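Please read these numbers as outputs of a predicted model, since none were measured by experiment. So you know, we letter chains A, B, ... as the sequences are listed, proteins then strands, and number each from 1.
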Amino acid sequence: MSIGNGQSAGTPLATQDTRSVTGHPTTGSPATRVLGIIVLLCLPLVLWLSFVATPPDAVQGESVRLLYVHVPSVTVAYVACFVTFVASIMWLWKRSEWWDLVGSSAAEIGSVFTALTLVSGMIWGQITWGTAWEWDPRLTSTLFLFLLLVGYQALRAASPDRSSRSRRSAVIGLLLVPNILIVNRSVQWWRSLHQDATLFRTDLDFRIEGLMLFTWMFTTAVGMVLLVWLLFHRFRVGWLANRVEERQLSEAVAARRAEATP
Amino acid sequence: MSTWAWVITGWIITVVVVVAYVGLVLQRGRSLSRQVPPEEQRWM
Amino acid sequence: MLRDAMLVAGKDLRVEARTRVGLGQVAPFAVLVLVLFGFALDPDRGILEAATPGLFWITVLFASVLGVQRAYAVESGAGVRDALRLTSLSPGGMFLGKALALAVQLLAVELVLGVGVIVLYGADPAGWILLVGTALPATAGIAAAGSLSGVLAVGLRVRETLLPLLLLPVLAPVLLAATRAFEAALDGSPADGWPWAGLLALFAVVYVGCGIGLYGTVLEES
Amino acid sequence: MAPVIHLRDVVALLGGFPALTGVDLDVDAAELVALVGANGAGKTTVLRVCAGLVPVDSGTASVLGEDLTRNGRAVRSRVGLLGPSGGLYDELTAMDNLRFFARAARVDPADVDRAAERFGITGRVADSPVVRLSTGQRRRVALASLVARRPQLWLLDEPHGGLDAEGRDLLDAVVLSAVASGATVVIASHDLDRTSALGCRHVTLAGGSVVEGGPDAA
């Protein structure tokens with residue numbers, strides 16, 4: 001079976017990591033190790049910025065510190081979903097294993113971060129609005145995005161073979177973005193018809209001061225590095241799973257053949 | 001619950017889930033790597 | 001493609017005419033749901049009246065899940081899918097045909113439900129132009145999204161449980177828009193409702209387009 | 001002339017099960033071939049691969065000059081497959097089924113009526129829902145549908161099963177006249193006497209590959 005351009009995830013650095021070959025094989029490579037180390041080194045800095053260096057916000061007080069984890073989660077979730085969307089289109093065009101794996105890897109990561117987005121968003125709402133759930137366009141469309149991502153995974157898990165798995169999931173992957181746009185638009189319209197729309201329009205209306213802005217950008221950047229790192233590893237997990245599946249199938253073919261020819 | 005408690009809860013949930021997911025992915029990668037010969041792991 | 005669509009829709013409707021599963025089971029189920037809502041939301045408290053548009057469309061959504069399942073169960077007989085694939089029907093035409101037949105059946109269910117809410121909930125069908133102008137694009141959108149989700153679940157062992165999970169998140173905006181438009185119609189302020197009908201039309205166009213373009217991908221599988 | 005069916009080392013996996021484990025098969029135009037072998041040897045899957053219904057996982061396969069791995073759709077509209085179950089809508093009548101599939105395959109309605117008459121699908125049988133017909137009657141409906149389409153390649157899976165003596169003779173006559181008019185026929189069968197009487201070339205399958213009568217032996 002053709003693996004398309006499957007190697008491009010690691011080719012630039014496909015070299016002599018003898019330790020991995022002889023010792024414990026992993027999905028790590030020099031490239032991912034660099035990314036992983038960057039994330040680990042930045043973590044203390046993220047915590048320091050979020051909890052110590054930045055002042056409490058004038059309007060929101062301490063609750064702004066939750067946004068330093070919420071905003072990166074949102075960004076990672078939506079970027080991952082966008083990757084799935086693009087990969088689904090590319091799969092429908094190229095029909096390569098590579099794009100199928102990119103799409104499914106990003107969808108799984110996306111569903112984890114979408115769930116985290118919802119949780120931190122609800123906690124923030126609890127502090128700010130006094131209720132965990134507001135029918136806010138962003139929150140609501142994120143919830144439906146999450147449900148659709150769950151459906152995506154369920155569809156993949158239920159498909160009997162690789163061909164139907166990639167075909168069917170590419171269709172759902174393609175629907176992710178239109179669905180989110182339509183849900184978002186409709187909820188926005190719906191809420192703007194109510195008089196209380198301004199109530200939660202004000203919530204982000206606070207002064208973004210230099211250090212706070214920097215903290216946001218920094219934590220988001222760390223989140224993106226984490227996303228790339230996760231994508232590499234998850235892609236390789238999927239790629240290995242396909243190889244294992246192929247191996248089992250060719251063993252089954254050989255076994256059946258051996259039975260037939262005396 | 002106080003604001004601080006909520007903030008800390010949110011952070012802890014996020015960090016724990018991310019760490020757990022990262023661990024899961026790495027673990028899956030390790031167990032699958034053992035079943036595939038190194039020459040097929042092109043990132044090596 | 002249109003010829004194929006008419007052929008497939010005609011065949012599906014002929015199956016329905018002979019078996020009457022839609023009229024004999026799906027429509028009664030929908031009425032049953034209306035009655036159960038009536039029990040749950042005491043009709044004397046005025047909640048039912050306020051909630052009528054939402055309950056109507058939720059019931060349509062439930063019925064549409066059953067309708068989609070039925071539409072593909074017809075083809076689950078041994079060898080029928082092979083026989084269909086061996087014809088020269090265009091995938092886009094097959095999709096349109098399936099969606100068309102489903103839309104016709106859903107409209108019939110909506111008609112029954114409409115009578116149901118007038119009789120049971122005492123709804124006053126004022127602003128019927130907007131009601132029809134909402135129901136048509138909403139039904140087209142539900143039928144298109146339903147046919148596409150339905151084919152995604154075809155042949156899987158878990159199709160009955162997977163279908164609602166795939167279909168209902170996609171239909172959420174339809175529920176919202178159709179409910180708001182119906183509210184506007186029943187309140188006697190149709191001007192508020194037409195933008196929602198426009199959104200429903202957009203939804204229908206998007207999903208009819210996706211369906212025509214993507215149906216073949218799932219059907220091919222070789 | 002290029003063979004109508006040309007399979008080399010074809011592997012087909014059905015939901016993870018290796019149904020075909022490397023099939024080599026050549027069938028020429030206007031040839032009459034019988035696939036024989038035990039249950040589960042892969043006869044049905046070979047027919048379905050040739051019809052473009054089962055994807056080829058490895059190997060090369062071309063049917064009627066089309067590469068199956070690339071253009072299965074082109075093949076599908078040119079072959080006729082008679083499956084063990086007939087592939088009919090249970091709820092529709094025999095005639096409804098015939099008309100629907102004929103129109104879907106762009107066949108002249110007059111041909112359908114003629115084929116229906118030839119296979120005795122008239123009167124009560126024609127207007128009964130398929131679910132109420134016997135196995136043999138259903139087989140006749142499916143055969144009529146196939147004959148009306150006049151495919152270039154006939155793929156028949158246990159075609160004699162369920163038919164009465166008259167039906168079997170009718171089937172044989174139809175097959176022979178199809179071959180005489182240049183069509184190619186592949187039959188999967190356990191009825192060696194009948195396929196020999198028809199004058200089929202026999203190809204034996206076992207364990208998902210050809211063990212006798214393949215291109216090397218010929």
Side-chain angles (χ1 to χ4, degrees), chain A residues 81 85 88-89 91-95 100 111 114 135 137 139-194, chain C residues 54 95 141 144-145 148-181 183-184 187 189 192-193 195-196 198-207 209-211 213-222:
Chain A
C81 291
F85 173 69
S88 298
I89 293 173
W91 186 88
L92 289 166
W93 181 24
K94 301 275 188 192
R95 312 261 159 150
D100 178 54
S111 56
T114 311
W135 291 95
L139 215 49
T140 310
S141 51
T142 307
L143 177 61
F144 281 107
L145 176 67
F146 177 66
L147 291 172
L148 207 53
L149 284 169
V150 171
Y152 181 100
Q153 323 275 3
L155 185 61
R156 274 187 88 84
S159 302
D161 54 59
R162 195 193 296 174
S163 165
S164 63
R165 200 156 64 212
S166 32
R167 274 161 208 282
R168 295 174 191 221
S169 63
V171 173
I172 294 287
L174 186 70
L175 296 183
L176 284 179
V177 167
N179 191 58
I180 203 167
L181 290 177
I182 294 175
V183 172
N184 194 295
R185 178 103 319 250
S186 54
V187 179
Q188 216 154 45
W189 261 6
W190 169 39
R191 300 310 293 187
S192 67
L193 292 179
H194 290 60
Chain C
F95 165 78
L148 186 57
S149 312
V151 78
L152 288 177
V154 156
L156 303 181
R157 254 171 286 167
V158 292
R159 59 181 176 274
E160 290 88 356
T161 40
L162 186 61
L163 177 68
L165 181 61
L166 295 179
L167 180 56
L168 293 178
V170 166
L171 289 184
V174 174
L175 174 67
L176 180 55
T179 303
R180 293 313 133 209
E183 273 175 3
D187 284 355
S189 50
D192 294 344
W196 290 112
L199 185 75
L200 288 168
L202 175 75
F203 182 92
V205 168
V206 167
Y207 278 89
C210 284
L214 297 172
Y215 202 72
T217 311
V218 184
L219 222 56
E220 287 289 297
E221 302 219 318
S222 74

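With chain A as the partner, the residue from C:L148, C:L152, C:L199 showing the most heavy-atom pairs under 4.5 Å is C:L152. Interface summary for chain C: among A:L175, A:L145, A:V150, the most heavy-atom pairs under 4.5 angstrom belong to A:L175. Chosen from A:L147, A:N179, A:V183, the residue pairing most often with chain C at heavy-atom distances under 4.5 Å is A:N179.
In summary, the aromatic rings of C:W196 and A:W190 are positioned with their centroids too far apart to meet the 6.0 Å limit.
Note that CG of C:L171 and CZ of A:F144 are 10.0 Å apart. Values are rounded to the nearest 0.5 Å. Atom CZ in A:R185 sits 12.5 Å away from atom CG in C:L176 (nearest 0.5 Å). Atom CG of residue C:L166 and atom CD1 of residue A:I172 lie 4.5 Å apart, to the nearest 0.5 angstrom. Atoms CZ and CG, on A:R168 and C:L162 in that order, are 9.0 Å from each other to the nearest 0.5 Å.
Contacts of C:V158 with chain A are made by side-chain atoms alone, with heavy-atom separations under 4.5 Å and no backbone atom involved. Contact of A:L174 with chain C is made through the side chain alone, with heavy-atom distances under 4.5 Å. In this structure, the portion of C:A153 lying under 4.5 Å from any heavy atom of chain A is its backbone and not its side chain. Contact annotation for A:L92: only side-chain heavy atoms (C-beta onward) come within less than 4.5 Å of a heavy atom of chain C.
At least one side-chain heavy atom of C:L156 sits less than 4.5 Å from a side-chain heavy atom of A:L155. Put simply, the side chain of C:V151 does not reach to within 4.5 Å of the side chain of A:V171, judged on heavy atoms. Residues C:T217 and A:R95 form a side-chain contact, since some pair of their non-hydrogen atoms from C-beta on lies under 4.5 Å apart.
Nearest heavy atoms, A:W189 versus C:P195: CZ3-O, 3.4 Å.
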